[in-house]
There are 2 protein chains.
Amino acid sequence: MAARRPTIRDVARRAGVSVTTVSHTFTGNGTVAPATQQRVRSAAHDLGYRPDVIAQGLRRNRLGVIALVARQLDALRPDLLVDVDYFARFAGAAAVASLAEGLGLMLVSDPTGPRAAGAALASDGFIVTEPVTDDPLVAMLTSAGIPFVTVGEVPGGAPVDDPAAAPLVDIESGRLTTLALDHLWEAGARRIALVTGTDRNEWNLRTAAVYRRWAAYRRITPAMAHVPEALDDEGGRRAAATLLDAGPPPDGVYALTSNHALGVVSVLSERGLRVPEDVRIVAGSDAESLRTAHPAISSIDLQPDELARRAVEALVARLDDRPAPDHTGEPVGQLVVRASSGSA
Amino acid sequence: MAARRPTIRDVARRAGVSVTTVSHTFTGNGTVAPATQQRVRSAAHDLGYRPDVIAQGLRRNRLGVIALVARQLDALRPDLLVDVDYFARFAGAAAVASLAEGLGLMLVSDPTGPRAAGAALASDGFIVTEPVTDDPLVAMLTSAGIPFVTVGEVPGGAPVDDPAAAPLVDIESGRLTTLALDHLWEAGARRIALVTGTDRNEWNLRTAAVYRRWAAYRRITPAMAHVPEALDDEGGRRAAATLLDAGPPPDGVYALTSNHALGVVSVLSERGLRVPEDVRIVAGSDAESLRTAHPAISSIDLQPDELARRAVEALVARLDDRPAPDHTGEPVGQLVVRASSGSA
DNA sequence: ATGAAAGCGCTAACAT
DNA sequence: ATGTTAGCGCTTTCAT
C-alpha cells in the first residue's frame, strides 16, 4: 500500500525545474521567481510532498528536536513519578512551546547511562530540569559541546567561565523561600520548621540555606527535616514525627514537596494539632491535591508552565546563536494563600 | 571549540579497517572477527565516536523516535492541561518504556494542523491516547501508512479491515463501568447517576452506553450529565447542580473525570448531603487529589503506567513487523475503594 | 533566476 | 572476514 514518499526530485520533475529550485522555494534560500514558486508549490501539493526532516537534519546537522531531561522521571520506577503536577505541567508546556517553534520535544530520563537511547543524543539541545550537584549529564553535555539550558542552577557547579554557555532559567528559590517564610511569620507563626527533600538540587539546597539565614535574622531556632521526595506523604509523616518528637511543636511548617506537606498535615491532626489554628502550613510546590485538601493548603506555585516556556525560549535562542532573553524584573513563582495558613 | 564529531571514517582509519567493518561491528550485521571488533571498539572509544543517529535514520528510514499524541495537550491553553495525573503517569511510563527499547519518546499535540512541527512527522510511529470520533489524525496516519497504536478505540471508526493494521490498547471501559456501577449498587445505592466529559472518545461514549444498558438491567432510571473536561471542578459542580435540580437526588454518582468528582462532592456537601452516607461517589479516573480529599474518593485506577507500557510494546512490535502481544486475560484498570463509597 | 554536482554520515549490496 | 561503492533525500557552493 504505502507508495514510496515523493522526494524532492519527484517534485522537481513534475514542476519542470531542478531540485535546487525546489529546495530554494521551501527553505527560502536563493531566489526563485514568484511564478516558479507557485508551480513548485502546487506540484508539491499534488504529490503530497513533505521535505524529509531526517535528510534535512543530516545536511544541516539539526534535527528539530529538543530533549527534556526530567529528574522526576526515574527509569527504575516510572510508577513512582514524583511531583506529578510539576512534571506534567512542565512537560506539557514545554511540548507546546517547542511545537510552536517548529521543534519536537523528546522525553528522556538520563542519556548518561550505558543504555542511552541513540535518538536521545541526536537532539539539538537539552533542557535539564533540576540538575543536581555535580550533575554527570551537565558534565557530559558541556564536554560534548551540546547546547543546553538548566532550570534551576547546578548546585556547587564550578563557576561557569562563560555564562552564556549554559543559560539558566532562574527558579528564584531565594525569593520564594523568603516569601513563604515571611508569610508564615506574618500569620503569627514563630516556631517555623522546614521540611525538604533529599535530592541535591538547587530547590532543596538553596531553600535550606536561605531558611537558615532567615531564621538567624528573625532570631528563631531553625528546625529542619529532610526526607526523600519519593516517600511522598509517608515522607511528610516521618518528617512531622521527627519534628514533633524533637522539641516544642512548631507553629508553622514550610514543606517543599506537596506530598510531604500532605503527610505533615495528617500527622499533625492525628496528634490533635489543628491547621491552621495551631500550626500553619505552606507547601513549596503547588498541586491539585493541595487545592482540594481539607483544609486547602497554601503553596508556592512555581509556575512550571512559565518556567518551561522560558527554558524553551532560552534554548532556542542559544541554538540560533542569539542571546537569551532577559527576564529580570519579571518574577516567576508566587504564593497561593489557602486555608492552611490563612487568617485563623 | 566543539571539534568536529568523529565519523565512521575516522574510526575506520584509526583501526586500520574499512568503514564497512566499523559499521558491522556496531550494527551486528555481517561478520567481524572478534579481534577486529576489539580494535574497532577501542578506536571508537578513543575518538569518542557515537554513530550518528540521523545518518542512520536516513539510510534505514527509521529514526528511533516514537511520538505520543495526548489529547489532553491543548496547544492553545497548555496551562489548562486536563487530567494531569493521567497525562503525567502515561507520558512518564511511555518515555521510560520507549527508552528501554532504545527509542526516544516525542511529545506532540496534533501534527494534523498546519503548523505541524516537521520533526513530529519524522517519528517512526505514533501512540494516540484517546482518539476521538472520526479522528483526523488517525485518518492521516492511516492514509500515510505510518504505524500507530491507539489507546482506547476510535469511536464510530469504520470497522478496520485489517485489525493488525491499527493495534489498539484496550482500556476496558465496559468492564470498568460495570465494576464501578456494581460497586455502588452493592454499597446500597439505587439512584445512580453518571457524569461524563464531552470529548468524543471511547471512555465517555462507551461508558454512557454501558451505563444505559446497566440501568435497564437493574431497572433504574438513568440520569446523566455531560460537562466539558476542561471545566474541572466547576464542571463537576454544574453537573451536580443539574442532577439535583432535575429530580430526586441521586444516592450514587459515577463521575468519569477526577476533577468532576471533586466538584460534585463539594456541591453535595453544600446542599447538606453527606458523602458517603447520603450519596456514594466513584470517580472514573484516579488522581492524587482524590486520595487526599475528605472524604477520600473511590475511583477507577486506569493504570496509565500499564496502558503506556502496552502501547509502546504494541507499537514496537508493529515496527518490527511482529504480531502485537496479546493481553487478553490480563485485565488492566481496577477499582480503588475509599471512604466516598465505603461502608457508611 | 536557475541548474549541476558534491557531499552530509551511514548502510547494504556486492565483490573479493 | 573484510573492502568497494552506490546511494538514502536533502542543502549548498559554484556555474551559467
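Reminder, nothing fancy here: chain letters follow the sequence lines and each chain counts from 1. Note that this is a predicted model, so its numbers are computed, not measured.
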Q. Considering heavy-atom distances to DNA chain D, does B:Ala55 or B:Gly16 have its closest nucleotide positioned more toward the 5' end?
A. B:Gly16
Q | Whole-Å distance separating the CG atom of A:Leu63 from the P atom of D:dG9 | A | 16 Å
Q | Atom pair distance, as rounded to whole Å: CG in B:Asp52 and P in C:dC8 | A | 12 Å
(Q) Please tell me if B:Thr7 has a side-chain N or O lying less than 4.0 Å from either OP1 or OP2 of C:dG9. (A) no
**Q.** Out of D:dT12, C:dT11, D:dG9, whichever nucleotide has its closest atom nearest the side chain of A:Thr20
**A.** D:dT12
Q | Validation row, ring centre A:Phe87 to ring centre B:Phe87 under 6.0 Å | A | no
Q: Would you kindly compare A:Val19 and B:Gly30 by the position of their nearest DNA chain D nucleotide and give the one closer to the 5′ end?
A: B:Gly30
Q | A:Thr36 side chain near C:dA1 phosphate (N/O to OP1/OP2, under 4.0 Å) | A | no
(Q) So B:Thr31, base contact, sugar-phosphate only, or nothing? Heavy-atom distance under 4.0 Å. (A) base
Q: Would you mind reading off the distance between A:Arg60 atom CZ and D:dT12 atom P, rounded to a whole angstrom?
A: 7 Å
(Q) Tell me whether A:Arg71 is salt-bridged to A:Asp83, with the criterion being a basic N under 4.0 Å from an acidic carboxylate O. (A) no
Q) How would you label the contact of B:Asn61 with the nucleic acid (heavy atoms, under 4.0 Å): base, sugar-phosphate, or nothing? A) nothing
Q: Could you tell me the separation between the CD atom of B:Gln56 and the P atom of C:dG9, rounded to a whole number of Å?
A: 13 Å
Q: Using a heavy-atom cut-off of under 4.0 Å over every strand shown, decide if A:Tyr49 touches base, sugar-phosphate, or nothing.
A: sugar-phosphate
Q) B:Arg62 has an atom CZ; how far is it from atom P of C:dG9, in whole Å? A) 23 Å
Q.
I need the CG-P distance between B:Asn29 and C:dA13, as an integer number of Å.
A. 10 Å
Q: Looking only at side-chain atoms of A:His24, point me to the closest of C:dC10, D:dG3, C:dG3.
A: C:dG3
Q) Any idea which heavy atoms bring B:Val17 and B:Thr36 closest together, and the distance? A) CG1-CG2, 3.7 Å
Q.
Heavy atoms only, 4.0 Å cut-off, all strands: where does A:Thr21 land among base, sugar-phosphate and nothing?
A. sugar-phosphate
